[in-house]
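Below: the structure, in structure tokens.
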Amino acid sequence: MMGEQDREREEFLRVAGRARDAAAGLAPLPRAAKDAALHAIADALVAAAPEIVKANEGDVARAREAGTSEYMIDRLSLSEARIAAIADAVRKVAALPDPVGETVRGNVLPNGLDLRQIRVPLGVVGIIYEGRPNVTVDAAALCLKSGNVAMLRGSSSAYESNSVLVNVMQGALAGTDVPQDAVQLVPGTTRESVKHLMRARGLVDVLIPRGGASLINSVVEESTVPVIETGVGNCAVYVDAAADVDQAVEILLNAKTQRPSVCNAAETFLVHADIAPAFLPKALEALRGAGVTVHGDERVRAYGDDVVAATEDDYRAEYLSMDIAARVVDSLEDAVAHIRTYGSGHTEAIATTSQQAAKRFVALVDSAAVMVNASTRFTDGEEFGFGAEIGISTQKLHARGPMGLPELTSTKYVVTGEGHLRG
């Protein structure tokens, strides 16, 4: 007799099989067909807003009963205004250039063969994410635009919302040239349903986890499907000996406080010993005024009685809150060594008036993005002019940094000859 886990796996395999079939039909479609489908999805979301909000209210009520924080409740909640904004984001994706078919490089070889490397969809993209049901639509839209099928596995706390959102999108696709199965919700709410997706090698081409460190580490360690790591951001701001003090304070304040709960917010600042007497009193006062708790080493604590003693865990922390770790360093190289030891490879910034220091910092820091006299908050697909992003990759294979539509493609070589034979 088939058990619950066996039934769940059978259902997953049916859904994944439909996704695989849909990928073959979606990949060759022209931009016009994909854009029309995206506009149909946007219109359907607006029309179904009352139904979506009702489903979301059930998720929110259960989350409150479970003692979920109001911050997480806000991320989970949908309103008709938020749904309208999500629909507008889908329309913006439709307006972006289609990367599929773009020639990455090409030339005519000495033997007369015409060689082109062109962008093609990845195929079936699995996305595992936490909390926010808006990601269900955002991820589906980006996958569809780049010719990929989306296999979506959101958190169980948003399952009712996500189910309705996917049903609405599938209903919209039914009237277009895009296969209805191009957007799929992974069935089930248990941990096993996540494992089915992570072990669907051969059915799913790539997994993209979006969320905290524990989620991402779990997917990386347990998945047999190739994974693109995104999201974890222990970002640092280094204040060089040659920094403009006032400018450096403003950069640090923006990097920490403009939106502290996101992956490109600063979690650490490092100060060169030569500028510490001029910088730290102003920086600590500004951070204090903004409500930020500083966790500092002994040299930082000498400038502020309210600075908390920093631990090793503080320097490794992705706080996502109004907290920041701090250390005084004796050189730019010491700052880089700290970043290499504790950082996550997301974004680092240097504040300096020295071109030589800036160049050396850029050369030595091994992160997806390096800012020179600019806030870490600029590491973002929209800020970079990509229009949208699926996440910010902190790994080095295939895609690194903000992942726009081109990063949701692979490539293939097209070789055209005139009866060429290899001798």
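Throughout, numbering of the chain's residues begins at 1 and tracks the sequence. Computed from a prediction, not measured in an experiment: that's the story for all the values here.
- A search for salt bridge (Lys or Arg N to Asp or Glu O under 4.0 Å) contacts involving E348 returns nothing, not counting sequence neighbours.
- Using modelled atom types, one side-chain atom of S331 and one backbone atom of D334 make a donor-acceptor pair closer than 3.5 Å.
- Other residues, nucleotides and ligands contribute more than 12 heavy atoms inside 6.0 Å of the CD atom of Q258.
- Between E192 and K195 there is a salt bridge, since at least one side-chain N of the basic residue sits less than 4.0 Å from a carboxylate O of the acidic one.
- Between the side chains of T311 and D313, no donor-acceptor pair is found at a separation under 3.5 Å.
- The structure places OG1 of T352 at 8.0 Å from CG of L332, a figure rounded to the nearest 0.5 Å.
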Could you tabulate the donor-acceptor pairs under 3.5 Å formed by side-chain atoms of residues 100-109, not counting sequence neighbours?
unit_1: E102; atom_1: OE2; unit_2: R119; atom_2: NE; d: 3.4
unit_1: R105; atom_1: NE; unit_2: Q117; atom_2: OE1; d: 2.9
unit_1: R105; atom_1: NH2; unit_2: Y413; atom_2: OH; d: 2.8

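- Under the ring-ring contact (aromatic ring centres under 6.0 Å, His included) criterion, Y315 pairs with H338, Y342, sequence neighbours left out.
- The side chain to side chain donor-acceptor pair (under 3.5 Å) check on S218 picks up R191, E222, with sequence neighbours excluded.
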Could you go through the salt bridge (Lys or Arg N to Asp or Glu O under 4.0 Å) check for D74 and R132 one step at a time?
CA-CA 9 Å; D74 182 64; R132 298 181 297 169; over 6 Å; no
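- A 4.5 Å side-chain heavy-atom check between N162 and L152 finds every atom pair outside the cut-off.
- Among pairs with a residue in residues 207-239, those fulfilling ring-ring contact (aromatic ring centres under 6.0 Å, His included) read Y238-F361, at least two apart in sequence or across chains.
- In this view, D21 satisfies the side chain to side chain donor-acceptor pair (under 3.5 Å) rule with no residue, not counting sequence neighbours.
- For R20 and D205, the salt-bridge test passes: some basic side-chain N is under 4.0 Å from an acidic carboxylate O.
- In this structure, a donor-acceptor pair under 3.5 Å is present between the side chains of E8 and T190.
- Every residue two or more places apart in sequence or in another chain was checked for a side chain to side chain contact (heavy atoms under 4.5 Å, CB included) with A36, and none qualifies.
- For the salt bridge (Lys or Arg N to Asp or Glu O under 4.0 Å) condition, the pairs that include at least one residue of residues 144-153, sequence neighbours left out, are D35-K145.
- Under 3.5 Å, the side chains of S344 and N234 contain no donor-acceptor pair of N or O atoms.
- Within the 4.5 Å cutoff, side-chain heavy atoms of V328 are placed close to those of L280.
- Residue pairs meeting the salt bridge (Lys or Arg N to Asp or Glu O under 4.0 Å) criterion with at least one member in residues 39-56, sequence neighbours excluded, are D43-R91.
- Here the side chain of R327 pairs no donor or acceptor atom with the backbone of D297 at under 3.5 angstrom.
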Apply salt bridge (Lys or Arg N to Asp or Glu O under 4.0 Å) to the pair E11 and R14, showing each step before the final yes or no.
CA-CA 5 Å; E11 177 60 19; R14 283 194 291 271; 2.7 Å; yes
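- R31 has no carboxylate O lying under 4.0 Å from a charged side-chain N of D98, or vice versa, which leaves the two without a salt bridge.
- Remark: D59 pairs with R62 by the salt bridge (Lys or Arg N to Asp or Glu O under 4.0 Å) rule, at least two apart or across chains.
- Put simply, the side chain of S223 never gets that close to the backbone of V220: no donor and acceptor are under 3.5 Å apart.
- No donor-acceptor pair closer than 3.5 Å links the side chain of E229 to the backbone N or O of T394.
- Counting only N and O atoms by type, the side chains of S214 and N217 include no donor and acceptor under 3.5 Å apart.
- A salt bridge links R64 with E70: at least one charged nitrogen is closer than 4.0 Å to a carboxylate oxygen.
- Residues satisfying the side chain to side chain contact (heavy atoms under 4.5 Å, CB included) criterion with V53, sequence neighbours excluded, are E57, E80, I83.
- Taken to the nearest 0.5 Å, the CG atom of N264 stands 6.0 Å off from the OG1 atom of T376.
- Applying the side chain to side chain donor-acceptor pair (under 3.5 Å) criterion to N254, with sequence neighbours excluded, gives S375.
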